[in-house]
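This report refers to the structure that appears directly beneath it.
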Amino acid sequence: MRLLGISASLLLCISCATTHTSGFDVDEALGYCDSKVQKSLVQLKRDSMDYTMMPRNIGAKDTVWNCRKATCDEWCAGFWPGVLWYDYENTHNEQIKENAEKYTKSLEFLSQTPAFDHDLGFLVFCSYGNGYRLTGDKKFKDVILATADTLATLYNPNVGTILSWPRNVEMLGGHNTIMDNMMNLEMMFWAAKNGGDKSLYDKAVRHAEVTMQHHFRPDHSCYHVAVYDPETGAFLKGLTHQGYSDDSMWARGQAWAIYGYTMVYRETQDPRFLDFAQKVTDVYLDRLPEDMVPYWDFDDPSIPEAPRDASAAGVVASALLELQGYCDDERKQTYREAAEKMLASLSNDYRSGDVRSSFLDHSVGHMPAGSEIDASIIYADYYYLEALTRLKKLNNSASESLAVK
Ligand code: GLY
């Protein structure tokens with residue numbers, strides 16, 4: 001069919017691009033991220049040539065990255081290499097790839113040392129995981145497999161979950177598991193199906209099941225921390241560490257749950273996890289403010305004066321772009337539109353401006369500790385860029401599948 005000289009395939013592509021991307025231009029947003037990556041590299045090279053120093057945050061009054069040494073207790077050290085890998089994926093710029101490789105290599109030591117805590121997945125899968133996905137380099141794979149085994153040493157079979165913070169057992173009164181830990185299961189699933197020990201799969205599934213059973217309230221909002229008896233496995237209590245209160249819905253904790261259960265469904269194809277991913281998503285979406293970027297904790301009594309958390313919005317946008325692909329038509333549309341509105345808000349109203357090297361402002365790291373409040377934080381940038389990359393791929397694949405050949 002041809003209308004006014006325009007082919008049917010072109011019309012379908014145009015209609016698909018306009019219905020599926022509302023309120024902002026994905027390519028422009030990816031270009032903006034690339035320009036900030038370049039700006040960051042200039043700053044980092046000027047300050048030092050040390051590839052073990054990873055961008056972590058930019059305080060509300062600062063303009064340049066505050067960097068931290070890549071050590072086993074710096075949980076954010078994998079996000080900057082991950083940002084570089086996503087930027088390389090989008091730009092095919094070899095200079096970015098070289099930097100991605102160099103920063104990634106700084107984390108190799110994690111595959112050769114005992115586990116400090118559960119954050120090994122954030123550290124190694126965002127860096128080496130993306131590096132392997134994009135290059136197929138066997139050296140990357142070996143590091144991921146070894147680190148997945150290290151992470152599994154924290155698994156307690158009596159409880160059925162990973163001990164998230166070995167250093168806090170005494171303080172918290174038992175075997176502790178935090179919601180963030182769901183994210184680190186992805187590396188164990190990956191290792192189990194890429195040459196690693198098959199028991200990694202069973203441990204990851206059990207962790208997700210036990211967490212599903214105990215770590216959520218009846219409305220499907222989550223505690224940040226669950227404490228268990230290490231011998232009997234009994235659930236002892238639900239607490240917060242970074243949220244407003246033990247009973248509040250800390251925005252990033254719920255974001256980790258949404259992303260985590262979406263990923264667990266992908267890896268298991270078990271419908272219990274899909275159903276659960278939808279439930280933990282719906283309580284979050286129901287309580288969002290109009291611009292779809294949450295307050296740092298949904299129950300902070302100072303709302304609407306409380307700070308927002310752009311990082312949670314990036315994590316959830318990325319998760320929903322995956323989750324919508326597993327859902328029936330109605331939910332598919334709801335989740336995809338929600339993700340696009342989140343990305344439009346972040347792109348239009350939460351950008352860092354021209355001076356700062358980060359992509360986004362207005363994230364909250366650890367409110368109760370008074371740290372990283374209303375700041376740029378590297379993981380907000382990582383998940384924002386991941387979400388943009390996912391959306392671009394979705395738009396492209398929708399155009400292809402609808403095109404009349
Ligand atoms: N994983 C720590 C945090 O989300 O702040």
Side-chain angles (χ1 to χ4, degrees), residues 54-59 66 68 70-80 82-83 107 110 115-127 151 154 161-168 172 176-187 207 211 215 221-226 239-245 248-261 263 280 284 293-298 300 306-319 358 360 362-384 386-387:
M54 305 290 187
R56 165 71 190 247
N57 56 44
I58 305 179
N66 166 31
R68 294 206 188 151
T71 53
C72 56
D73 61 347
E74 172 43 27
W75 78 277
C76 294
F79 293 119
W80 171 242
V83 163
L107 297 166
L110 292 164
F116 174 74
D117 70 14
H118 74 109
D119 284 323
L120 287 168
F122 285 117
L123 284 159
V124 167
F125 212 57
C126 298
S127 54
L151 176 56
L154 297 176
T161 69
I162 289 164
L163 173 62
S164 300
W165 290 328
R167 63 190 175 281
N168 288 342
L172 294 170
N176 58 76
T177 298
I178 66 170
M179 188 47 61
D180 328 29
N181 202 147
M182 287 297 301
M183 301 294 284
N184 296 315
L185 304 181
E186 187 169 14
M187 182 169 70
H207 181 114
T211 299
H215 219 125
S221 66
C222 67
Y223 300 110
H224 184 196
V225 185
L239 305 169
T240 199
H241 181 69
Q242 281 166 256
Y244 176 76
S245 73
S248 67
M249 186 159 84
W250 174 47
R252 200 165 51 259
Q254 197 70 20
W256 296 141
I258 293 167
Y259 195 116
Y261 279 97
M263 175 275 297
V280 302
Y284 176 97
V293 177
Y295 294 96
W296 75 281
D297 187 303
F298 286 76
D300 181 339
R308 304 298 184 105
D309 183 14
S311 78
V315 172
V316 173
S318 187
S358 51
L360 299 176
H362 307 305
S363 291
V364 172
H366 194 330
M367 178 69 94
S371 89
E372 298 180 315
I373 296 168
D374 200 28
S376 292
I377 309 182
I378 190 64
Y379 46 81
D381 286 8
Y382 175 88
Y383 288 102
Y384 174 64
E386 180 183 270

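Order of listing sets the numbers, starting from 1, for every ligand and every atom in it.
- Every protein residue with a heavy atom nearer than 4.0 Å to ligand 1 is included here: W75, D180, Q242, W250, R252, W256, Y379.
- Tested against R252, the residues D180, D297, D309 include a single salt bridge (Lys or Arg N to Asp or Glu O under 4.0 Å) partner, D309.
- A ring pair (Phe, Tyr, Trp, His ring centres under 6.0 Å) with Y259 is found for exactly one of Y379, Y383, F122, namely Y383.
- Screening Y382, F125, Y384 against F79 for a ring pair (Phe, Tyr, Trp, His ring centres under 6.0 Å) leaves a single residue, Y382.
- To the nearest 0.5 Å, atoms CG (N66) and CZ (R56) are separated by 8.5 Å.
- Distance check: C72 SG to L123 CG gives 9.0 Å after rounding to the nearest 0.5 Å.
- Residue W296 comes nearest to Y244 through the heavy atom pair CH2-N, 3.4 Å, listed as atom of the first residue, atom of the second, then distance.
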